[in-house]
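Position 1 is the first residue of the sequence, and the numbers go up from there.
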Amino acid sequence: MAISDKDFELLRDFIYNLCGMYFHSTKKYFLESRLTKRMEATGTKTAMDYYALLKSPRGGEELRFLLDEVTTNETYFFRCVPQLNAIETKFLPEIVEAKGKMGFRKLRIWSAASSSGEEAYTLSMMLLEKRATLLKDWIIEIVGTDINETVVAQAKEGIYNAYSVRNVPDLYKKKYFKEENGKFILSPEVKKFVTFNKLNLYDDTKMVFMKSFDFIFCANVLIYFDLAAKSKVVQHFYNNLQPYGYFFVGQSDSLHGVNDKFKTIHFPGGFGYKK
């Protein structure tokens with residue numbers, strides 16, 4: 001079903017004002033295909049009918065389905081190995097030392113676009129391996145958030161296919177997963193450190209409560225935002241990071257021209273940002 005340029009812009013701006021995701025006119029085909037799918041599912045005949053549905057009292061539920069359609073959630077365990085190696089060998093020991101001197105033994109990590117949970121659980125497994133040594137007697141809190149309710153539910157479940165676990169080292173796979181009928185079930189030991197919630201990164205009222213994190217990860221999300229939305233969201237990340245904390249984006253993302261408060265840090269095979 002073709003959607004006129006005028007109606008495309010109306011629906012695109014509606015999505016943008018709600019969550020900061022911006023679909024340039026070059027992405028019209030992508031958004032049009034997703035909108036058409038939802039229009040067919042709801043029985044709305046025109047783009048304006050669908051817009052009226054979104055604005056109606058029952059629009060909240062449909063909006064959830066629409067956001068599930070337009071967000072991309074391709075992820076897997078141990079996705080960015082150079083980044084994980086740098087955290088394990090340099091950044092984590094550095095933060096543990098800094099907090100230890102203050103007598104504060106609590107580590108808080110935020111996976112800000114957690115999708116189905118692989119990133120947050122990867123970090124949980126890594127930290128579990130340090131429980132007897134570097135993180136002995138430490139409290140570990142990992143928070144995963146995503147705007148897509150479907151993947152948040154999948155993350156809470158903690159059951160994965162072979163594709164998701166293809167990069168998991170054998171040691172971790174044997175120790176932290178149970179395989180049943182081609183599915184990989186994550187151990188409760190890994191899950192206990194992680195909580196998942198729905199969160200719109202563009203929602204100022206919710207973002208101000210995401211406080212005091214030592215590490216924040218936001219991979220492959222900023223590419224959906226225009227400059228104004230990026231600046232707003234990244235400023236929240238800056239405010240919610242501890243003074244000595246680290247912020248990591250996807251390798252296709254950059255803060256260049258977005259926020260000049262972060263200091264870029266380089267490590268073998270990648271980069272990150274420090275407050």
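- A donor-acceptor pair is defined here as one N or O able to donate and one able to accept, closer than 3.5 Å; such a pair exists between the side chain of Lys191 and the backbone of Glu157.
- In terms of hydrophobic clustering, with Ile, Leu, Val, Met, Phe, Trp and Tyr side chains grouped at heavy-atom distances under 4.5 Å, Val233 and Phe217 are assigned to different clusters.
- Under a hydrophobic-cluster definition in which Ile, Leu, Val, Met, Phe, Trp and Tyr are linked whenever side-chain heavy atoms come within less than 4.5 Å, directly or via other members, Ile216 and Phe193 are assigned to different clusters.
- Proximity of a side-chain donor or acceptor of Asn240 to a complementary backbone N or O of Met207 within less than 3.5 Å is detected.
- At least one side-chain heavy atom of Leu10 sits under 4.5 Å from a side-chain heavy atom of Met48.
- Both Val70 and Leu35 are part of a single hydrophobic cluster, where members link through side-chain heavy atoms under 4.5 Å apart.
- Remark: Lys106 engages Glu141 in a salt bridge, criterion side-chain N to carboxylate O under 4.0 Å.
- Contact check for Lys261 versus Val234: no side-chain heavy atoms found under the 4.5 Å cut-off.
- Listed by chain and number, the residues in a salt bridge (Lys or Arg N to Asp or Glu O under 4.0 Å) with Arg64 are Glu149 (sequence neighbours excluded).
- Between Phe77 and Phe184, a ring centre-to-centre spacing not shorter than 6.0 Å is recorded.
- Looking at Arg38 and Glu69, no side-chain N of the basic residue comes within less than 4.0 Å of a carboxylate O on the acidic one, giving no salt bridge.
- Not a single donor-acceptor pair under 3.5 Å links the side chain of Tyr121 to the backbone N or O of Val194.
- When side chains are defined from C-beta on, Leu92 counts as touching Leu107, because their heavy atoms get closer than 4.5 Å.
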*Stepwise, does the side chain to side chain contact (heavy atoms under 4.5 Å, CB included) test hold for Leu67 with Leu18?*
CA-CA 10 Å; Leu67 290 175; Leu18 181 85; 4.0 Å; yes

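- Within the 4.5 Å cutoff, side-chain heavy atoms of Arg12 are placed close to those of Tyr22.
- Glu32 places a side-chain N or O within donor-acceptor distance of the main-chain N or O of Ile3, the cut-off being under 3.5 Å.
- Hydrophobic clustering (side-chain heavy atoms under 4.5 Å, transitive across Ile, Leu, Val, Met, Phe, Trp, Tyr) groups Tyr244 together with Phe248.
- Side-chain heavy atoms closer than 4.5 Å link hydrophobic residues (I, L, V, M, F, W, Y) into clusters, and following such links, possibly through other members, connects Ile223 to Ile15.
- Between Tyr172 and Tyr176, the ring planes are tilted. Angles from 30° to 60° get that label.
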*Test side chain to side chain contact (heavy atoms under 4.5 Å, CB included) on Asn200 and Thr145 and set out the steps.*
CA-CA 8 Å; Asn200 178 355; Thr145 63; over 6 Å; no

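- Residues that satisfy the salt bridge (Lys or Arg N to Asp or Glu O under 4.0 Å) test with Lys232, not counting sequence neighbours, are Asp204.
- Residues meeting the salt bridge (Lys or Arg N to Asp or Glu O under 4.0 Å) test with Lys6, sequence neighbours left out: none.
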Scan the side chains in residues 265-275 for donor-acceptor partners under 3.5 Å anywhere in the protein, sequence neighbours excluded, and list what turns up.
from   : atom 1 : to     : atom 2 : distance (Å)
Tyr273 : OH     : Leu255 : N      : 3.1
Lys274 : NZ     : Glu94  : OE2    : 3.1
Lys275 : NZ     : Tyr238 : O      : 2.7
Lys275 : NZ     : Leu241 : O      : 2.7

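- Arg105 contributes no side-chain N or O that, together with a main-chain N or O of Leu135, makes up a donor-acceptor pair within less than 3.5 Å.
- Taking the charged nitrogens against the carboxylate oxygens, Glu88 and Lys130 do have a contact shorter than 4.0 Å, which makes a salt bridge.
- Applying the salt bridge (Lys or Arg N to Asp or Glu O under 4.0 Å) criterion to Asp203, with sequence neighbours excluded, gives Lys206.
- Checked against side chain to side chain donor-acceptor pair (under 3.5 Å), Asn197 has no partners two or more places apart in sequence or in another chain.
- Two residues are said to be in side-chain contact when any heavy atoms from C-beta on lie closer than 4.5 Å; Ile95 and Gln242 fail this criterion.
- The environment of Lys211 atom NZ is dense: over 12 non-hydrogen atoms of other residues, nucleotides or ligands sit within 6.0 angstrom.
- At least one side-chain heavy atom of Leu84 sits less than 4.5 Å from a side-chain heavy atom of Leu123.
- At a threshold of 4.5 Å between non-hydrogen side-chain atoms, the residues Asp7 and Thr46 do not count as touching.
- Of the N and O atoms on the side chains of Thr75 and Glu118, not one donor lies less than 3.5 Å from an acceptor on the other residue.
- Judged by a 6.0 Å distance limit and a 45° cone about the ring axis, Arg166 is positioned over the six-membered ring of Tyr76.
- Asn259 contributes no side-chain N or O that, together with a main-chain N or O of Ser231, makes up a donor-acceptor pair within less than 3.5 Å.
- Side-chain contact between Lys99 and Asp214 is present, with heavy atoms from C-beta onward closer than 4.5 Å.
- Ring to ring, Phe262 and Phe237 are not that close: their centroids are 6.0 angstrom or more apart.
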